[in-house]
Amino acid sequence: MRSDAARNRQALIDAALKLFNEHALTPTLDDVAREAGVGVATAYRQFANKTELAFVALEASVESMLQAAERAAEVEDGWAGLTEFFEVTIRPQAAQQALRAVLATDPESPPMAEVHRRVEDCLDTLLEKARRQGTVRQDVVVSDLAVVATLLGESVRLFGSVVPDSWQRFMPLLLDGLRPGATTPMAADPLTKKQFIAGIAHQARGAAGPR
């Protein structure tokens, strides 16, 4: 890549991080180009759309979060590992709005499909341990854990700008519902993986806005 093209690409990445951290993914690729001080045509030569740019800009943050989740899955105590999993996946989203925004994009896109695969592998491992150790209720399935993660992410989106640490109050409220003991039977079937992905995809399409 020529040096001027590399500079333009980095300027777009820097501008994207600034705007997406301030406004989630509402800015368009045109907005990012203006912030970066480069032509719109230059931006579209580098990136097909703002979502592609967001993934490039957040690649290191996403990978760091996934590696932390995978380390949590290696914890021998299943409940401790689950708690660590939610901690290490929600905390970075609270610290970086752009990360939360990119994780809420179309789950059927290739990069997000890989994110969901790795997260599901972690949750599968942790749930199996916790069930075996008797620290999670037996009717909990992986999609339930994925919904808990989604709800915590939504709490960051809704309240993070006002009370950045509010998710830490909600997390034990949600996690306590996973514990065995005097629990209320669940009155509906768990979501299938297809239903979970379809719900997230519908929400992502509605929130995507202009390119």
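The shown structure was predicted, so the numbers you read here are calculated from the model rather than taken from an experiment. We're numbering straight along the sequence, starting at 1.
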Checklist entry - Can you check side chain to side chain contact (heavy atoms under 4.5 Å, CB included) on S61 and Q96, steps first, answer last? => result CA-CA 9 Å; S61 295; Q96 192 173 24; 3.1 Å; yes

Nearest heavy-atom pair of [X] and [Y]: which atoms, and what distance?
X	Y	value
E52	F47	OE2-CA, 3.5 Å
G153	Q93	CA-OE1, 4.1 Å
A80	V75	CB-CG1, 4.2 Å
P185	R137	CA-NH2, 4.2 Å
A73	T125	O-CG2, 3.5 Å
A36	A11	CB-O, 3.5 Å

Could I get the full list of side-chain hydrogen bond (donor to acceptor under 3.5 Å, both in side chains) partners for [X], not counting sequence neighbours?
X	answer
Q67	E63
R132	E128
R91	E87

Between [Y] and [X], is there a side-chain heavy-atom distance shorter than 4.5 Å?
X	Y	value
L178	L145	yes
M65	L103	yes
V156	Q97	no
K193	E120	yes
F86	L174	no

Euclidean distance, [Y] [atom2] relative to [X] [atom1], rounded to 0.5 Å:
X	Y	atom1	atom2	result
L127	L82	CG	CG	7.0 Å
S64	L99	OG	CG	9.0 Å
L17	L58	CG	CG	6.0 Å
S155	I90	OG	CD1	7.0 Å
W167	L158	CH2	CG	16.0 Å
E74	L126	CD	CG	10.0 Å

Please name all residues satisfying side chain to side chain contact (heavy atoms under 4.5 Å, CB included) with [X], sequence neighbours left out, ordered by chain then number.
X	result
D31	L19, P27, T28, R34
D121	R117
V88	A68, E84

Item to check | Trace of the side chain to side chain contact (heavy atoms under 4.5 Å, CB included) decision for L29 with V40 | outcome: CA-CA 8 Å; L29 193 54; V40 172; over 6 Å; no

Report yes or no: does [X] contribute a side-chain atom to a donor-acceptor pair with the main-chain N or O of [Y] at less than 3.5 Å?
X	Y	value
Q46	Q10	no
R131	V140	yes
D144	V141	yes
Q133	G78	yes
D165	Q168	no
K129	D77	no
N21	A98	yes
T150	A146	yes

Checklist entry - Are L191 and L151 connected, step by step, through hydrophobic side chains (Ile, Leu, Val, Met, Phe, Trp, Tyr) whose heavy atoms are closer than 4.5 Å? => result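 Cluster IDs for L191 and L151 match.
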
Checklist entry - Quick one: do Y44 and F20 end up in the same hydrophobic cluster if we chain Ile, Leu, Val, Met, Phe, Trp and Tyr together by side-chain heavy atoms under 4.5 Å apart? => result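 The answer is yes; both residues are in one hydrophobic cluster.
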
Next on the checklist: Checking S109 against M112 for the side chain to side chain contact (heavy atoms under 4.5 Å, CB included) test, could you report, in this order, the C-alpha distance in whole Å, the side-chain angles of both residues, the deciding distance, and whether it holds?
Outcome noted: CA-CA 5 Å; S109 67; M112 275 308 298; 3.4 Å; yes

Checklist entry - Which one of V119, L123, V147 satisfies the side-chain contact (heavy atoms from CB on, under 4.5 Å) criterion with V142? => result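 Option passing the side-chain contact (heavy atoms from CB on, under 4.5 Å) with V142: L123.
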
Checklist entry - Under 4.0 Å between a Lys/Arg side-chain N and an Asp/Glu carboxylate O for E154 and R100? => result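 Salt bridge: yes.
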
Item to check | Step-by-step side chain to side chain contact (heavy atoms under 4.5 Å, CB included) determination, K50 to V32 | outcome: CA-CA 8 Å; K50 66 180 179 183; V32 176; 5.7 Å; no

Next on the checklist: Please determine whether side chain to side chain donor-acceptor pair (under 3.5 Å) holds for the pair R45 and T42, giving the CA-CA distance in whole Å, both sets of side-chain angles, and the decisive distance to 0.1 Å.
Outcome noted: CA-CA 5 Å; R45 280 197 298 272; T42 298; 3.1 Å; yes

